[in-house]
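A quick write-up on the structure given underneath.
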Protein chains: 2
Amino acid sequence: MAIKAKPRMRVDQERLVEAAADLVNRNGLDNLSMNELALALGVRTPSLYSHVEGLDDVRRLLALRGLENLDRYIARAALGKSSDAAVRAIFLAFRELALASPGVYAAALPTAPRGDREWNAAKDQVTKTILTVLSGYGLEGDEEIHVLRGLRSIAHGFVSLETSGALKNPVDRDESYEWLIGAFLTSLNELKKSKRKTRKGGGKS
Amino acid sequence: MAIKAKPRMRVDQERLVEAAADLVNRNGLDNLSMNELALALGVRTPSLYSHVEGLDDVRRLLALRGLENLDRYIARAALGKSSDAAVRAIFLAFRELALASPGVYAAALPTAPRGDREWNAAKDQVTKTILTVLSGYGLEGDEEIHVLRGLRSIAHGFVSLETSGALKNPVDRDESYEWLIGAFLTSLNELKKSKRKTRKGGGKS
DNA sequence: TTCATTTTCCTAATATGATTAGGCTGGAGA
DNA sequence: TCTCCAGCCTAATCATATTAGGAAAATGAA
């Protein structure tokens with residue numbers, strides 16, 4: 001009379017992070033707890049410690065996943081496009097991904113701890129991908145960094161206001177974002193143009 | 001032989017919030033705890049509950065203080081300046097204040113809970129102040145909201161990257177911010193200009 | 001298959017931080 | 001001086017993270 005054998009839950013890190021991602025996307029990063037996570041996985045809380053070091057580790061893994069997703073996503077979006085089209089694609093992809101998984105996005109934001117190679121590398125990879133796209137503009141010296149920061153500020157700023165529910169006005173948010181992208185591109189091309197002039201004319205002021 | 005009388009600490013909400021502000025500016029909003037706060041005030045932890053409802057309440061009070069400071073600060077910065085100068089002043093004041101008190105700034109970011117009149121009003125007040133400055137540009141319809149969102153996105157985006165330590169590159173951050181402000185102003189004036197044309201020419205498309 | 005090893009789960013215990021309960025007291029005002 | 005209360009305290013409760021130590025399933029070699 002077959003006693004119901006206790007079915008092992010076969011949690012592994014992959015599954016765990018998956019479940020954590022679901023939870024944070026639904027309930028927000030701040031509400032992630034080991035208890036909820038264990039519940040979602042059908043396992044007692046201490047069992048999680050076989051797979052991760054603790055809550056911080058879960059958040060770190062979410063950050064890694066978020067950064068990897070982001071890099072892959074924007075790289076693909078920009079693929080085969082040039083200059084303005086590519087930059088625009090990055091902006092749109094960034095927002096799309098963040099809106100689709102706001103919790104994971106939030107997890108990816110914090111600064112990586114000094115010593116954490118892997119986390120820092122994941123951040124650098126995203127930066128590199130963006131810089132590759134910007135390289136088409138022939139920016140010189142610090143300009144590249146200014147522009148990179150500008151792109152990040154705009155994308156992150158808009159999206160984080162949006163995901164935090166700060167943009168309550170019914171006015172279409174897509175249009176607002178487009179306006180910002182337009183402003184960014186205008187100034188970026190201005191930079192490019194002035195460069196051409198400079199090259200012909202003489203030294204820069 | 002005068003037994004040392006136990007000196008009452010005379011905590012009040014004002015002092016409490018003051019101390020909390022110091023702590024979060026030094027240690028980050030996430031590390032604020034009732035224990036630390038009580039310690040800073042020279043009082044046992046449960047005593048704090050005479051003055052605030054709990055940790056959430058402390059954070060709420062910090063948010064209120066942050067928003068009030070912000071409104072006052074940017075209003076003053078823009079005072080007596082017109083158009084571009086005023087907008088630029090707002091951008092700079094925003095960043096200056098946030099860098100000077102990053103913890104309080106972080107506290108001011110979260111969305112106010114639905115029912116909280118006071119908190120929502122404080123946010124609205126900041127919005128209104130900015131809109132007043134933007135009113136000089138004669139924006140029409142949704143444009144005003146797009147521009148407002150743009151300003152907030154840029155200021156918040158840049159500053160939150162900066163305070164979270166994300167801008168590690170040695171390149172001068174002031175210049176990066178200036179580049180962004182420039183981009184914003186350029187597009188804002190473009191909007192204004194096109195309006196003049198439109199007004200002469202005919203209806204808007 | 002059988003047995004030893006490893007993995008993964010469990011219960012029980014500990015630690016820390018928030019919060020509540022309830023009592024004591026200094027000091028303001030009658 | 002007496003009364004009363006705001007504001008402090010200790011003790012207790014609760015929730016969550018984490019550790020300790022043990023049992024059983026899974027794995028893999030003989």
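Letters go in sequence order (proteins before strands), and every chain restarts at 1. Keep in mind that this is a model prediction, so the values were computed, not measured.
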Whole angstrom value for the distance that separates [atom2] of [N] from [atom1] of [X]:
| X | N | atom1 | atom2 | answer |
| --- | --- | --- | --- | --- |
| B:L37 | C:dT16 | CG | P | 20 Å |
| B:L39 | C:dT16 | CG | P | 15 Å |
| B:E36 | C:dG17 | CD | P | 8 Å |
| A:N35 | C:dT11 | CG | P | 14 Å |

- Query: What residues in residues 44-57 of chain B put a non-hydrogen atom under 4.0 Å from any atom of DNA chain D?
  - Reply: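 Here the set is B:R44, B:P46, B:S47, B:S50, B:H51.
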- Message: I want to check one thing: is the phosphate of C:dA18, taken as OP1 and OP2, less than 4.0 Å away from some side-chain N or O of B:R59?
- Response: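 No, B:R59 has no side-chain N/O under 4.0 Å of OP1/OP2 on C:dA18.
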- Name the closest nucleotide to the B:V11 side chain, picking from D:dT27, D:dC8, C:dC9.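 Of the options given, the side chain of B:V11 lies nearest D:dC8.
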- Item | Contact list for DNA chain C against residues 21-34 of chain A - heavy-atom distance below 4.0 Å |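 By residue number: none to list.
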- Any donor-acceptor pair under 3.5 Å linking the side chain of B:S101 with the backbone of B:A98?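 Checked: no pair found.
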- ring pair (Phe, Tyr, Trp, His ring centres under 6.0 Å): pairs with one or both residues in residues 24-65 of chain A, sequence neighbours excluded: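 Counting only pairs at least two positions apart or across chains, no ring pair (Phe, Tyr, Trp, His ring centres under 6.0 Å) contact touches residues 24-65 of chain A.
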- Item | No-hydrogen, no-angle side-chain donor-acceptor test under 3.5 Å, A:N35 and A:T45 |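 A pair is found: one side chain offers a donor N or O, the other an acceptor, under 3.5 Å apart.
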- Between A:T129 and A:D71: side-chain donor-acceptor atoms closer than 3.5 Å: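 There is such a pair between these side chains.
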- Does the distance from a Lys or Arg side-chain N to an Asp or Glu carboxylate O, for B:E53 and B:R60, drop under 4.0 Å?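 No salt bridge links B:E53 with B:R60.
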Extract all donor-acceptor atom pairs below 3.5 Å that involve side chains of residues 77-86 of chain A and protein atoms in other chains or at least two apart in sequence.
{"unit_1": "A:K81", "atom_1": "NZ", "unit_2": "A:A77", "atom_2": "O", "d": "2.9"}
{"unit_1": "A:D84", "atom_1": "OD1", "unit_2": "A:Y137", "atom_2": "OH", "d": "2.4"}
{"unit_1": "A:D84", "atom_1": "OD1", "unit_2": "A:N189", "atom_2": "ND2", "d": "3.3"}
{"unit_1": "A:D84", "atom_1": "OD2", "unit_2": "A:N189", "atom_2": "ND2", "d": "3.0"}

- Query: With sequence neighbours left out, what residues match A:P170 under side chain to side chain contact (heavy atoms under 4.5 Å, CB included)?
  - Reply: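 A:P170 satisfies side chain to side chain contact (heavy atoms under 4.5 Å, CB included) with no residue once adjacent residues are dropped.
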Would you be so kind as to tabulate the donor-acceptor pairs closer than 3.5 Å made by side chains of residues 147-161 of chain A, with sequence neighbours excluded?
{"unit_1": "A:R149", "atom_1": "NH1", "unit_2": "B:V171", "atom_2": "O", "d": "2.9"}
{"unit_1": "A:R149", "atom_1": "NH1", "unit_2": "B:S176", "atom_2": "OG", "d": "3.0"}
{"unit_1": "A:R149", "atom_1": "NH2", "unit_2": "B:N169", "atom_2": "O", "d": "2.8"}
{"unit_1": "A:R149", "atom_1": "NH2", "unit_2": "B:V171", "atom_2": "O", "d": "3.2"}
{"unit_1": "A:S153", "atom_1": "OG", "unit_2": "A:R149", "atom_2": "O", "d": "2.8"}
{"unit_1": "A:H156", "atom_1": "ND1", "unit_2": "A:Y105", "atom_2": "OH", "d": "2.9"}
{"unit_1": "A:H156", "atom_1": "NE2", "unit_2": "B:S160", "atom_2": "OG", "d": "2.9"}
{"unit_1": "A:S160", "atom_1": "OG", "unit_2": "A:H156", "atom_2": "O", "d": "3.2"}
{"unit_1": "A:S160", "atom_1": "OG", "unit_2": "B:H156", "atom_2": "NE2", "d": "2.9"}

